[in-house]
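By convention in this document, chain letters (A, B, ...) are assigned in the order of the sequence lines, proteins followed by strands, and residues within each chain are numbered from 1. Because the structure is a prediction, the values reported are computed rather than measured.
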Amino acid sequence: MTPILEIQKLSHIYSPDTPFEHAALTNVDLTISRGEFVGLIGHTGSGKSTLVQHMNGLLKPTSGRVLFDGRDIWEDPKFTRQIRFRVGLVFQYPEYQLFEETVYADIAFGPKNMGLSKEEIDTRVRRAAGFVGISEAELSKSPFDLSGGQKRRAAIAGVIAMEPDVLILDEPTAGLDPAGRESILKNIRDYQAAQHAAVVMVSHSMEEIASNVDRLIVMEKGTAVMTGAPSEVFSHAAELVSMGLNVPCMTQVLLRLQQLGVNVPAAAYTVEQAADLLEPLLKGGAQTCSRT
Amino acid sequence: MLKDVTLGQFFPGQTPIHKLDPRTKLVLVIVYIVALFLAKWFVSYAVIAAFLALVIAMSRIRLKVVLKNLKPLLFIIILTALLNLFYGQGEPIAQFWIFKITRSGIQNAIFMVLRISLLVAGTFMLTYTTSPIALTDGLESLLSPLKKLHAPVHELSMMMSIALRFIPTLIEETDKIMSAQKARGADFESGNLISRAKALVPILVPLFISAFRRADELATAMECRCYHGGEGRTKLSELHYQSRDYLAYLSGAALLAVMIVLRQFGL
């Protein structure tokens, strides 16, 4: 896989030289490849939000480099601005940034800033609306008349309309109901598949992470402490718990079974995987008799 | 970034200056300003500057921070200095066209610069070392005699504390909205005045909406906690003078006395 975003020895210090000085990131190294779905987890204040704001050049590193396609994004100011369109960042609660009179105009804000032609903007707005499931009728409505979930979709469409190569989402499902969560995640996966884009998703829901991402990065105290496939990362349950994180429910169940003396690996994070692991044991029937 | 705006910012600390009663600090600031305006000559300015330096040293606020906050006022300071420079009386030292520089002009310019800087730096010390809540508590307590005249002292101080409380929140919010719009390619730095003003719309609309939403939520939260105005309301932390407050009042009185004496001698 070809790397698209490379972060090298990145450190960031907030409010340097004041009593509020605070190192948010120290020496972070990581690579995001084309088309990959990466999950970013970490305790509140572990530096996730700071990290993602470096990925599209909103924050300037105190030291270290951010490379896009092998080129330093701070090399020249014009390139830094271009990066904002190539690396789309959806903030937490993005619905609070809606400002235009119609949903259409709001989604068009990004593409318009890119300086695209009217026709191109129109196709992009409609395509983006299609990805997130906003209907034709809703496009002409005021964004403030939409429901909470639809507002969130409209805001995400505003970033998707720029058709970025890397889409970063900071807790895209926070505060939504379960159905809304699943459908937004599906929208994101659809976009990823259609554009062969890389996706970086920050989330506090281990289930959401486990069932969507290819690779997982764990942040703690401003450093990336673990990275790997979800099954790999979630096998370090004890460490995750000590960081104030958790593992998916199914992994917890298996770990508890291990503690009770059942010989089963804890490398599952969905119900299906757990069922696959437990089935042979149940058929064998050997370890289940301890109760009697 | 907007976060670096330190105007009216509070730097928490445990120094004697931080621990002073807010009422003491408010009164002392007034005394300080009066003393400053009594100053006539270098000697008295030196006394005031020494007093301020002592306060800064005791509060452990870095001098760099104080100076940084004078920076936004640099324009006003330079402007007043220039105006005073050219409006002096007496024999001109240098002259060109309609401008003439006199000895008294130079003196006045220097004094004005000193006066403005000392005034601003001194009043900043109040907000640096006093939390907004303590400040409004102190103000309410100092103004409470006016309640007899049916002045809405409690309401005013409540409004003030809410306003102060929300300044950092709104700054943070503005920062966030700006970042979000920048992420969509918004450009706030280039273009002419009109296009720059237009670029503010994507910030102002969400900001106003969120401010109204917050106000609404706050009102509900206050009602849920049975807020009904100042009548019969007790305080969590009552203000009590300590011995250090009397000491501070004493030093304030001493400063004022020294300034009056110096003024008599034209120093």
Take atom [atom1] of [X] as the centre, draw a 6.0 Å sphere, and report whether it contains more than 12 heavy atoms from other residues, nucleotides or ligands.
{"X": "E155(B)", "atom1": "CD", "answer": "yes"}
{"X": "R60(B)", "atom1": "CZ", "answer": "no"}
{"X": "Y93(A)", "atom1": "OH", "answer": "no"}
{"X": "E223(B)", "atom1": "CD", "answer": "no"}
{"X": "F208(B)", "atom1": "CZ", "answer": "no"}

How close do [X] and [Y] get, counting heavy atoms only, and between which atoms?
{"X": "M162(A)", "Y": "R184(B)", "result": "SD-CA, 3.8 Å"}
{"X": "F109(A)", "Y": "A186(B)", "result": "CZ-CB, 3.7 Å"}
{"X": "N56(A)", "Y": "A183(B)", "result": "ND2-CB, 3.7 Å"}
{"X": "Q97(A)", "Y": "P206(B)", "result": "O-CG, 3.8 Å"}
{"X": "R84(A)", "Y": "K182(B)", "result": "CD-O, 3.4 Å"}

query = So, do F144(A) and I209(B) sit near enough that their side-chain heavy atoms are less than 4.5 Å apart?
reply =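 Answer yes - side chains close enough.
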
query = Given side chains that start at C-beta, do those of Y96(A) and K176(B) come closer than 4.5 Å, heavy atoms only?
reply =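 Contact flag for Y96(A)/K176(B) side chains = no.
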
task = Could you tell me which of E173(B), R213(B), K64(B) has the largest number of non-hydrogen atom pairs under 4.5 Å with chain A?
result = R213(B)

query = Looking at S210(B), P12(B), G13(B), P202(B), which has the largest count of heavy-atom pairs under 4.5 Å with chain A?
reply = P202(B)

query = Got a second to check how far L59(A)'s CG is from S179(B)'s OG, nearest 0.5 Å?
reply =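 So the gap between those two atoms works out to 7.0 Å.
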
ask   = L98(A) versus chain B, heavy atoms under 4.5 Å apart: side chain, backbone, both or neither?
value =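 Just the backbone, heavy atoms under 4.5 Å.
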
